[in-house]
Every structure is written in structure tokens, then in C-alpha cells.
Amino acid sequence: VLQINKDDVTALQCKVVCLIQNGNFKEALGVINTHTKVLTSDVIAFEKAYCEYRLNRIESALKTIQSASQQTDKLKELYGQVLYRLERYDDCLAAYRDLIRNSQDEYEEERKTNLSAVVAAQSTWEKVVPEDLGLREATYELCYNSACALIGQGKLNEAMKKLQKAEELCRQSLSEDSDVTEEDIEAELAIIHGQMAYIMQLQGRTEDALQLYNQIIKLKPTDVGLLAVIANNIITINKDQNVFDSKKKVKLTNAEGVEHKLSKKQLQAIEFNKALLAMYTNQADQCRKLSASLQSQSPEHLLPVLIQAAQLCREKQHAKAVGLLQDFADQHPANAVEIKLTMAQLKIAQGSVTKACMILRSIEELQHKPGMVSALVTMYSHEEDIDSAIEVFTQAIQWYQQYQARSNHGCCVFQPKSPVHLSLIREAANFKLKHGRKKEAISDLEELWKQNPKDVHTLAQLISAYSLVDPEKAKVLSKHLPSSDTMSLKVDVDALENSHGATYVRKKAGKLTGDNQQKEQGQGEVKKKKKKKKGKLPKNYDPKVTPDPERWLPMRERSYYRGRKKGKKKDQVGKGTQGSTTTGSSELDASRTASSPPTSPRPGSGAAVSATSNVIPPRHQKPAGAPATKKKQQQKRKKGAKGGW
């Protein structure tokens, strides 16, 4: 037909529809753009917008829909999808409500599903509390979207129940079709199981979540968006551990078409985790590149700057990191609180506690909060700067006093005699007492007692403080203490001692028999004496010889130790003919050994032992039979030896 008449409108429309049915969206759009004079927006607006939508040209699709002169139901359906992809959830919700209200056909269930998806997206990404749409959750898609909305509200247990119900409905609906296999059912359930694993991860059940995530990856689902989200969640579980596995999972987040399947916040979270993974794997340049790219996309976002600062700290450039954070705080005052807290942490890590305190005190929003006061006092105490710590207390107390005074005129939410105010005064008094500032502590305690004269604990502290400074004043104040009669507690001591939780239980006295009585009486009179074991003496002990006083010392530490003779054995090896003895003639001369005196006298031998005596003290004597045993050992070794000359 087109060969006969290339501008035939009906033929061109049919060709475009056929190309769309075959998935050739680019070619179909080319045909529309080629014949713009014939195929005007009134004629083929829906087909053109649909092709642009499927080619992920979402802004162009929106313009095409808005330029159409007549808004048909088909265009309205597509308009809702386009608004959802552009994350304009409020407009999308209004569009679907209008569609459901003004249309009645077989696609009503699909429209309700899309409507619930919009509500879930609002709850998850915009933290909007979803309104009850009154939708009957008869399908697993509706149950799934309802569960996502509950996750956005933080109702994890309820969301898990919804997902379990969605799983049951999904199995039931798919099992009714005989052509659907078990693998197809598992593939359809993958997104439900992924959301279950995410809930487990949020609940701290990381092992269960990791197991379920890996099961989904093994199924190899075709949804690249699902795989990217699961891979990202596994990386967040691994953190700085199991880095090799995280590097493999990152590849799944780089798949083609992922950017069209996920929301902007999901894509941003994936990029943040890529930068952190680069930092943990010591890829400094890659980390800086990714964080700089993120900062250019979202200049007001905290994470890119914090990642850059963390990378600088890993490179030991703490001063540069602090400077980077300070510049960001100056440019974005709205985020200054988080940045200054990070700067203080870096200063503490460097050991500059005083500078960290100065940074913390510059945060006006948190300066007088009890937690900040406690942190500052602790840090100043660590630096032994007691005056600054007391100054922090004083400023905080004055700040609460001013706002309490204003509250009487209806200008502040704080009530008079605020518990926080009184708590700060009490803590200040305790701190001053601990560090010897008794007079200042007394003034704080008096203020507390005026606020509540019935507080016995404060009165007791005040009396204790005055006893160190003004004992007479302490005596006067002690009259305000309640009498001992009113303070006494009616406690059954026996019942308390015999209670289950008592650490000491009094043993009940039992009746003693006659034998036991005798034993009780005799215990004080007769005590068995322990027998002392006699020490063992050496076998060759001679009572006539005085023992060596240095016998308890190691041989090397004794005064008469001269060291071993070196080279004696070496000289005896290999000399003379085979079978000859190596013993010198001097050693065989008995007359010489008998008359020669010892080389060195033994200390402590006394006059009873002569210079020519051959008697050796017991500590130095060798056991009888020692040479013989040595010879036996040598013979055994010779028998067991292998090889030879």
C-alpha cells in the first residue's frame, strides 16, 4: 500500500503499530518522525509517546502527551506511568484516582495495583504517611505494595506478614496455570523474597538476610534492577570485610539498563557504596573520583564530603580533612551540625581535645543539651580544665533559667522547675564537690533545696557539704532532717536473711547428739598436729663432710666454676692407629694422681678435709653406676646405628 501511496495515513499507522508489537520502538519512532506532516499529534500521539516511554525518553514522552489536543483514556494511563517514572508521586496519585473514578473496564485491578505502588513509593522515598485507600488485597501485587508501604513507616513485623501472604497468593495464582513451572514461580517470587531479606537486614538478622540474598542471585533473575539492589545490600552487609565478594557484587550494579529500573535514591545509594568500597580497597583515586561526582550531582548532600574526609584521614591528612569539612559547613549552614560533630571527632582522634571542645561549643543547636553538656564536662575533666567544665554547667543552667522565665509569658515550651534544669544543677553540685569547689557546690545545693524542701537527699548532701566548711551551719540544717522514728523501716531481718536472693543465710541450729557434743567440746582443746615430712638426703651423703653452701646455685653461678675445657674430645678423635687408646700416659700414672693436689680448693670444706683428700661433697657426687650406664647407652647406639665406614 505504501509503495502505491507513501503518505497513506492508515497504512502508516498500521506499520507503526506492527513495529511496536515487534518491539522495534526506535524504528517505529523513526517512521513517525519521517511523516510528521501526515501523522500529526492528534492522529498518533499515543503511539509516539509510548515509543518514547519505552526508549526511556521520559521527558519527551511527557511533552508529547501534554501537546495532544484530546486526552484519551490510553493517554491518561500512559501519563500516570510517565509521572511515576519521573517520581512526581503526588501528580501520579491524582491521575490514577481520576482514572479509577471515570473508567469501568477489565483493567480496573491493574489500575488499583499501580495506585498502591504510588502510595508505597511515597511512604518509602518521601516518608509520607500513606492514607488508607480501602483496597481489597486480593492479589499478591497489592499485598506486596502494601508491605512496601509498611516498610517505609518502619512497621517491619507487619510488613513481613504481608509479604508472607503475598507469597502464598502468588503460589496459588501461578500454580493454577499448568504451563507455569516451579522455576517460573521461584522467579516471580524473587522480588518478594528480596524484600523479605531486606526486612531481615533491617532487623539485624544479617546471616539470614545474606543467605536469602544469595539464593535469589543463584536463580539468575532477568530483572537487572532486582539484582542490582540485592548486590548493593550484600555489599552493605559485608562493609569492610569480605571485600573480594563485594567487588564481584559491584559488577551486578553496573549492568545495562539499571539506571532505568531504579529510583534516584536507590541509584544514589549504590554510588555511595561504590565510593566506600573503593576507600576500603585502598583505591584512593577511584574513591575521590566517585565522591567528587556525587558531590557535583548533590552539592548539599553530606555523604560525599564525609567520604572524602574519611579518605584523607586514611592517608594521614587530618588537617586537610578538617579544612574540607569546615569549608562545607560554611557553604551549607543547614548541615553544619553533622559536619562539626565529625570535625570534633577528628580532633579527638588527633589528641586535640581542647580544640574539639571549642568546636562542640560552637554548635548553638546542641550547646545546652544534657548530652552535649555531659560530653564537654567529661572532655574538660580529662584535660584537667575544671574551670571550663564548671563554665559549661553554668551556661547551661543559665540558658534553662532564661527560657523558663520566658515560659511564664507563653513564649517557650519549657515548664518552670524543669526536670532537666534541676538535673543539671544537681550534676554541677556533685562535680564541684568532687573537685573541691565546696562553696560553689553549696550554693547549687541550696538552690535545689529551695525548689523542693522535702527532698531529704538534697538536704543530706547540703549538710555534708556544710560540715566541711561551716560545721555550725551543718548542725542547724540537720534539725530539718526527719527523726529516726519516722525514717525507720519495718523490716523482718530473719525473713530477709532467709530469702532466696540473700547472699548470707544464717544456718539453723540443729540438735547435737552426745558424740557431736564431745567433738564440739574437744575441738578447742585438742588439735591434730600435721606431721612434717623428712627431707630426702643424697644417696652418698656423708654427715662428717660439711655440705657445699653454694650447692643450690646453678653450676655456672658458683664461685669455683672455671668453665668447660674446650677441644678435649676433638683432640681425642682420630689420633693413633685403629684400636689404640687415646688416653695419655700421664692419666695412667697412678702415683701422679694420688699425690697431686686438687686444681682449686672447695669453699667451705673446713679443716676436717685435707688438701690431698679425694672426698667430693654430696652435691657434686655422681650417682653410682653412672659411667656404666653411659657405656651401655653407647653400646645400644652402636647396635642401632645404620651405615658404616
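What's counted below: heavy atoms across the whole structure, side chains too, no hydrogens, waters or symmetry copies.
Residues Asn282 and Arg314 have side chains in contact (heavy-atom distance under 4.5 Å, counting atoms from C-beta outward). Side-chain contact check for His35 versus Val9: every heavy-atom pair is 4.5 Å or farther apart. Looking at heavy atoms from C-beta onward, Val305 lies out of side-chain contact with Thr342 at the 4.5 angstrom threshold.
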* Do Thr354 and Lys347 pass the side-chain contact (heavy atoms from CB on, under 4.5 Å) test, and can you show the C-alpha distance, the side-chain angles, and the key distance before you say yes or no? -> CA-CA 9 Å; Thr354 305; Lys347 288 294 183 183; over 6 Å; no

* What do the steps show when you test Leu360 against Met379 for side-chain contact (heavy atoms from CB on, under 4.5 Å), and what is the final call? -> CA-CA 11 Å; Leu360 292 175; Met379 291 162 69; 3.9 Å; yes

* Start with the C-alpha distance between Glu126 and Tyr89, add both sets of side-chain angles, then the distance that settles side chain to side chain donor-acceptor pair (under 3.5 Å), and finish with yes or no. => CA-CA 9 Å; Glu126 296 180 353; Tyr89 299 122; over 6 Å; no

* Could you go through the side chain to side chain donor-acceptor pair (under 3.5 Å) check for Tyr213 and Asn233 one step at a time? => CA-CA 8 Å; Tyr213 283 142; Asn233 291 354; 3.0 Å; yes

* Does the pair Glu137 and Leu169 meet the rule for a side-chain contact (heavy atoms from CB on, under 4.5 Å), with working shown? -> CA-CA 10 Å; Glu137 296 169 1; Leu169 291 171; over 6 Å; no

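Side-chain atoms of Asp177 do not come within 3.5 Å of backbone N or O of Ser173 as any donor-acceptor pair. Listed for the Asn335 side chain is a donor-acceptor partner under 3.5 Å among the backbone atoms of Glu300.
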Output a table of donor-acceptor pairs, distance under 3.5 Å, between side-chain atoms of residues 53-61 and any protein atom two or more places apart or on a different chain; print 'none' if there are none.
{"unit_1": "Arg54", "atom_1": "NH1", "unit_2": "Tyr50", "atom_2": "OH", "d": "2.9"}
{"unit_1": "Asn56", "atom_1": "OD1", "unit_2": "Arg85", "atom_2": "NH2", "d": "2.9"}

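Looking at Thr281 and Gln283, their side chains do bring a donor and an acceptor atom within 3.5 Å of each other. If you check the side chains of Glu77 and Tyr107, you find no donor sitting under 3.5 Å from an acceptor.
Here Lys261 does not pair with Glu256 in a salt bridge; the nearest charged N to carboxylate O distance is not below 4.0 Å. A salt bridge does not link Lys15 with Asp8: every distance from a Lys NZ or Arg NE/NH1/NH2 to an Asp or Glu carboxylate oxygen is 4.0 Å or more. Using a 4.0 Å cut-off between charged nitrogen and carboxylate oxygen, Glu315 and Arg288 count as a salt-bridge pair. Taking a cutoff of 4.0 Å between a charged side-chain nitrogen and a carboxylate oxygen, Glu186 and Arg171 qualify as a salt bridge. Checked for salt-bridge contact, Lys274 and Glu271 meet the test: a charged N lies under 4.0 Å from a carboxylate O.
Ring planes of His301 and Phe272: tilted class, angle from 30 to 60°.
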